[in-house]
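Worksheet: the structure to be examined is printed underneath.
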Amino acid sequence: MKMRSRLGARAAFLAISLAAVLPGSAQAHRAWFLPSETILSGEDAWITVDGAVSNDLFYPNHFPLGTDGVKVEKPDGSAGSIENAASGKIRSTFDLHLDQPGTWKIGNMRSGVFGRYKLNGEQKRLPRGAQASEIENLIPAGATDVEVRENLMRNEFFVTLGAPTDTVFTPSGKGLELVPVTHPNDLVANEEGVFRFLIDGKPAAGIELTAILGGGRYANQPVEVKATSDAKGEVRLAWPQPGMYWLEAETKDKNTSIPGATERGLGYVTTLEVMAP
């Protein structure tokens, strides 16, 4: 059953905040970018992109996805920029001028800390957006049952002008990353697509992921594809029909870099355009 109830303002804000930074913490709200198209021809083109956190995929109804941290990597590896960025009550938007042929990467990487503790018997949480450098001052003396979690989350998509290239897929070796075997701008319905996932540059085995077709707001049953990565970190996905898919992978481990953190949450989100055969 789709969730369309009107939440109270405070409850909605809390759920959205957690969904934006904590993989697996609030499945009802999903953060997404939606490019107008991902495969273009010629030597010069524009796309426009929407961004939001919402219940139904690609239908903004709750909170805009911030554009301040959006980075653009051009096909030659140089940095690009977004244009005409704006943010409304429930949706953000920006344009991208593609002035170089090849495959572009657009998106953001967010890191942060989630924590809670008890003080005088009362449960407390670290404020939204808390950073590792602030933990010592944010947890008061006398606090008990302290739990600190490090989070690292990527949300990105790929656009190709002309022939596809692969420079932007060079992994950074930090967090959960996707390295395509099948190019993301070469996906066709009813044909298998293969992706490799890495954690800190090494194969990410056993990663569970879900791909959901947009437009589910008007479907009795959402179109979903699930898969688990093998020992090489690879997953194979057969797209049941064309359209824009939201893909999410998430996991956790103990490889923290923040003193006092007991767990690291890793997340990866991308939007993929699957064409008709």
Side-chain angles (χ1 to χ4, degrees), residues 3 5-32 51-55 61-66 68-69 87 90 107-156 172-177 197-210 226 228-229 233 248-269:
M3 181 176 175
S5 62
R6 297 287 184 187
L7 302 178
R10 180 175 175 79
F13 179 79
L14 177 60
I16 291 166
S17 300
L18 292 174
V21 298
L22 298 178
S25 60
Q27 293 294 334
H29 294 93
R30 300 181 175 104
W32 49 264
V53 180
S54 66
N55 299 126
N61 55 17
H62 275 292
F63 208 75
L65 192 59
D68 290 345
S87 184
I90 58 174
N108 59 38
M109 183 178 73
R110 297 180 184 276
S111 60
V113 177
F114 172 76
R116 58 190 175 189
Y117 58 89
K118 284 186 177 179
L119 185 65
N120 300 323
E122 185 178 356
Q123 187 76 58
K124 303 281 188 179
R125 292 181 183 274
L126 296 184
R128 180 192 181 203
Q131 298 298 309
S133 58
E134 303 171 318
I135 291 179
E136 187 173 348
N137 295 325
L138 291 174
I139 299 178
T144 62
D145 302 309
V146 176
E147 297 178 26
V148 176
R149 182 185 189 187
E150 178 181 356
N151 293 295
L152 185 60
M153 177 75 182
R154 281 188 171 82
N155 192 331
E156 60 191 23
S172 68
K174 184 177 182 180
L176 183 59
E177 296 181 274
F197 283 88
L198 305 176
I199 294 179
D200 298 336
K202 299 178 181 177
I207 301 297
E208 297 181 352
L209 64 87
T210 302
K226 294 182 179 293
T228 302
S229 62
E248 180 191 46
E250 59 184 37
T251 188
K252 58 185 178 181
D253 61 24
K254 301 293 186 183
N255 298 324
T256 60
S257 61
I258 298 174
T262 57
E263 186 175 79
R264 182 174 68 155
L266 302 170
Y268 182 88
V269 170

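- Side chains of Ile139 and Val148 form a contact here, defined as non-hydrogen atoms less than 4.5 Å apart.
- Among residues two or more places apart in sequence or in another chain, the side-chain contact (heavy atoms from CB on, under 4.5 Å) test is passed with Thr256 by Glu150, Ala261, Arg264.
- Pairing each heavy atom of Gly175 with each of Leu152, the nearest pair is CA-CD2, 3.5 Å.
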Dump the intermediate steps for side-chain contact (heavy atoms from CB on, under 4.5 Å) on Asp68 and Asn108, then the final yes or no.
CA-CA 9 Å; Asp68 290 345; Asn108 59 38; over 6 Å; no

Intermediate values then yes/no, side-chain contact (heavy atoms from CB on, under 4.5 Å), Asn55 and His29:
CA-CA 5 Å; Asn55 299 126; His29 294 93; 3.5 Å; yes

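- For the pair Leu138 and Leu126, the tightest heavy-atom approach, listed with the atom from each and the gap, is CB-CD2, 3.8 Å.
- The minimum heavy-atom distance between Gly233 and Pro203, with the atom names listed, is N-CB, 4.1 Å.
- Between Arg149 atom CZ and Lys252 atom NZ the span is 6.5 Å, to the nearest 0.5 Å.
- In terms of heavy-atom proximity, Tyr268 sits nearest to Glu156 at OH-OE2, 2.7 Å.
- Between Arg116 and Asp145 there is no side-chain heavy-atom pair separated by less than 4.5 Å.
- To the nearest 0.5 Å, atom CD1 of residue Ile258 and atom CD of residue Glu263 are 12.0 Å apart.
- At a threshold of 4.5 Å between non-hydrogen side-chain atoms, the residues Phe114 and Glu147 do not count as touching.
- Closest non-hydrogen pair, Ser229 versus Ala205, comes out as OG-C, 3.4 Å.
- Here the CG atom belonging to Asp200 is positioned 9.5 Å from the CG atom belonging to Leu176, to the nearest 0.5 angstrom.
- Between Phe197 and Thr251, every side-chain heavy-atom pair lies at or beyond the 4.5 Å cut-off.
- In this structure Glu122 satisfies the side-chain contact (heavy atoms from CB on, under 4.5 Å) test together with Lys124, sequence neighbours excluded.
- We find the CZ-OG distance between Arg154 and Ser172 to be 4.0 Å, quoted to the nearest 0.5 Å.
- With sequence neighbours excluded, the residues that form a side-chain contact (heavy atoms from CB on, under 4.5 Å) with Ala52 are Trp32, Pro60.
- Atoms CG and CZ, on Leu65 and Arg30 in that order, are 14.5 Å from each other to the nearest 0.5 Å.
- Inter-residue side-chain proximity for Leu266 and Ile207 is flagged as unmet; no heavy-atom pair is nearer than 4.5 Å.
- From Thr144, atom OG1 reaches atom OH of Tyr117 across 10.5 Å, with rounding to the nearest 0.5 Å.
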